[in-house]
*Asks:* 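First the structure, which I've put down as structure tokens, then a few questions once you've had a look.
Per chain, numbering begins at 1; letters A, B, ... match sequence-line order. Every heavy atom of this structure was used, including side-chain atoms; hydrogens, water molecules and symmetry mates were not.
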2 protein chains.
Amino acid sequence: MLSRKKEIPEQLNERLATSGLRFTPQRQQVYNVLLDTRDHPTAEEVFLRAKHESPDISMATVYNCLDALVTCGLVRQVNVNRAATRYCPNMNDHCHFYCDDCGKVLDVNCTSAGPVAGAKVPSGFQVTHYELSLRGHCPDCAAKAAKLHH
Amino acid sequence: MLSRKKEIPEQLNERLATSGLRFTPQRQQVYNVLLDTRDHPTAEEVFLRAKHESPDISMATVYNCLDALVTCGLVRQVNVNRAATRYCPNMNDHCHFYCDDCGKVLDVNCTSAGPVAGAKVPSGFQVTHYELSLRGHCPDCAAKAAKLHH
DNA sequence: CTTCAGCTTAGAATAATTCTAAGTATTGAC
DNA sequence: GTCAATACTTAGAATTATTCTAAGCTGAAG
């Protein structure tokens with residue numbers, strides 16, 4: 001169980017270094033939490049999970065570590081509907097779907113063109129980031145609702 | 001100055017009624033503020049502007065009124081980057097561009113297909129809402145930056 | 001070694017929003 | 001019209017997510 005975590009440190013260390021940040025056990029721990037279950041936890045959830053292995057970690061450190069991981073490009077923030085920010089270690093081009101029924105946040109792939117292409121941004125605008133967030137019913141909840149309907 | 005506001009009440013009244021909400025002077029006032037300058041103000045900014053004409057209005061009422069307007073479909077919330085929610089009375093299909101330099105929020109038209117088409121949502125997902133937010137440099141700030149560069 | 005910048009920590013502070021309780025206004029039943 | 005029921009507004013307290021502060025710790029560089 002602990003063995004597979006040995007792979008990570010080098011990659012993490014390099015990425016931190018390129019942003020002028022140091023490798024620390026807390027940063028590794030927080031990153032591990034995100035990699036372990038990719039369910040887009042909030043900072044608070046990361047904190048609770050990280051405490052299992054590092055009981056002394058503090059909330060402020062979790063925020064600091066998450067910031068560091070975002071800064072060095074290993075993690076993305078996911079904001080949906082003004083709820084607490086969630087964190088996602090999937091750096092592929094994708095967007096997020098929030099299920100209004102069960103509250104889960106799910107990754108949704110974008111086509112190669114990406115949704116920004118569909119937005120046809122007027123000339124003059126320089127887009128450096130974009131975030132597409134979807135809301136509705138996830139496949140599970142949609143299926144349940146359909147069943148109830150008959 | 002007051003004359004052009006006479007147009008609004010009926011439309012607003014109808015829309016409120018269809019959601020089981022009442023017409024009130026405060027709701028009209030808040031809606032007027034949004035229509036007057038479509039610059040995506042925050043609740044606080046709406047509050048300050050509304051106070052000019054209705055000095056007794058309270059912050060809680062502004063939030064209540066904005067909620068009512070969102071509920072009855074006359075206003076949209078615009079969330080960007082966990083900053084304070086902004087409010088937009090443009091209900092056409094469009095998305096928002098946030099300028100990292102000047103902080104302005106600008107409307108950007110979407111094509112008829114819309115960005116969700118570009119996202120190719122897997123089957124099973126039922127998308128009821130989506131929000132595409134862009135960040136970068138607006139035309140003005142991009143031009144200024146280019147000039148400074150030489 | 002010693003220094004110095006970067007990191008972690010607990011707890012205080014902040015900012016946006018929501019809640020609470022009380023008062024006011026409007027609606028509908030009679 | 002009167003009266004009760006419901007909806008709305010208000011001030012201020014409370015809540016929540018996040019950031020700040022000050023102090024101590026750590027590890028690399030001189």
*Asks:* Using the test salt bridge (charged side-chain N to carboxylate O under 4.0 Å, His left out), find all partners of A:D140 that sit at least two apart in sequence or belong to another chain.
*Replies:* none
*Asks:* List for me each residue that meets ring-ring contact (aromatic ring centres under 6.0 Å, His included) alongside A:F125, sequence neighbours excluded, and say none if there are none.
*Replies:* B:F97
*Asks:* Tell me: CG of B:D67 to P of C:dT17, nearest whole Å?
*Replies:*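 One finds 10 Å between P of C:dT17 and CG of B:D67, rounded.
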*Asks:* If I take atom CD in residue A:E44 and atom C1' in nucleotide D:dA17, what distance separates them, rounded to the nearest angstrom?
*Replies:* 9 Å
*Asks:* Please name the pair of heavy atoms, one in A:S54 and one in A:Q29, separated by the smallest distance, quoted to 0.1 Å.
*Replies:* OG-OE1, 3.0 Å
*Asks:* Please tell me if B:R82 has a side-chain N or O lying less than 4.0 Å from either OP1 or OP2 of D:dT18.
*Replies:*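 True: B:R82 side-chain N/O within range (under 4.0 Å) of D:dT18 OP1/OP2.
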*Asks:* With rounding to the nearest 0.5 Å, note down the distance linking CZ in A:R27 to SG in A:C65.
*Replies:*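 So the CZ of A:R27 and the SG of A:C65 are separated by 6.0 Å.
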*Asks:* A:Q28 has an atom CD; how far is it from atom P of C:dT8, in whole Å?
*Replies:* 12 Å
*Asks:* Under the rule for salt bridge (charged side-chain N to carboxylate O under 4.0 Å, His left out), what residues qualify as partners of B:R15, not counting sequence neighbours?
*Replies:*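 With sequence neighbours excluded, B:R15 shows a salt bridge (charged side-chain N to carboxylate O under 4.0 Å, His left out) to no residue whatsoever.
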*Asks:* Give the rounded distance in Å between these two atoms: CG of A:L66 and P of D:dA17.
*Replies:* 15 Å
*Asks:* Name all residues meeting the side-chain hydrogen bond (donor to acceptor under 3.5 Å, both in side chains) criterion together with B:S133; count only those two or more places apart in sequence or in a different chain, and write none if there are none.
*Replies:*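 With neighbours one apart ignored, the set is empty.
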*Asks:* Rounded to whole Å, how long is the line connecting atom CD of B:E45 with atom P of C:dT17?
*Replies:* 11 Å
*Asks:* Can you list every side-chain hydrogen bond (donor to acceptor under 3.5 Å, both in side chains) pair that touches residues 59-71 of chain A, not counting sequence neighbours?
*Replies:* A:S58-A:T61
*Asks:* Output the rounded distance in Å from CZ (A:F47) to P (C:dT9).
*Replies:* 9 Å
*Asks:* Could you tell me which residues satisfy salt bridge (charged side-chain N to carboxylate O under 4.0 Å, His left out) with B:D100, sequence neighbours excluded, listed by chain and number?
*Replies:*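 B:R135.
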*Asks:* For DNA chain C, what residues of residues 68-81 of chain A have any heavy atom nearer than 4.0 Å?
*Replies:* none
*Asks:* Give a yes/no answer on whether the side chain of B:T42 brings an N or O atom under 4.0 Å of OP1 or OP2 in C:dA16.
*Replies:*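 No, outside the criterion.
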*Asks:* Check nucleotides 8-10 of chain D for protein N or O atoms closer than 3.5 Å to its own N or O atoms and list the pairs.
*Replies:*
from, atom 1, to, atom 2, distance (Å)
D:dC8, OP1, B:R22, N, 3.0
D:dC8, OP1, B:R27, NH1, 2.9
D:dT9, OP1, B:T24, OG1, 2.7
D:dT9, OP1, B:Q26, OE1, 3.4
D:dT9, O3', B:Q26, NE2, 3.2
D:dT10, OP1, B:D56, O, 3.2
D:dT10, OP2, B:S58, N, 3.4
D:dT10, OP2, B:T61, OG1, 2.4

*Asks:* Could you pull out all residues at least two apart from A:R76 that satisfy salt bridge (charged side-chain N to carboxylate O under 4.0 Å, His left out)?
*Replies:*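 Salt bridge (charged side-chain N to carboxylate O under 4.0 Å, His left out) check on A:R76 returns nothing, list empty.
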*Asks:* Can you tell me how far P of C:dT27 sits from CG of B:L16, to the nearest Å?
*Replies:* 13 Å
*Asks:* Using atom OH of A:Y63 as one end and atom C1' of D:dT18 as the other, report the distance to the nearest whole Å.
*Replies:*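 Nearest whole value for this atom pair: 5 Å.
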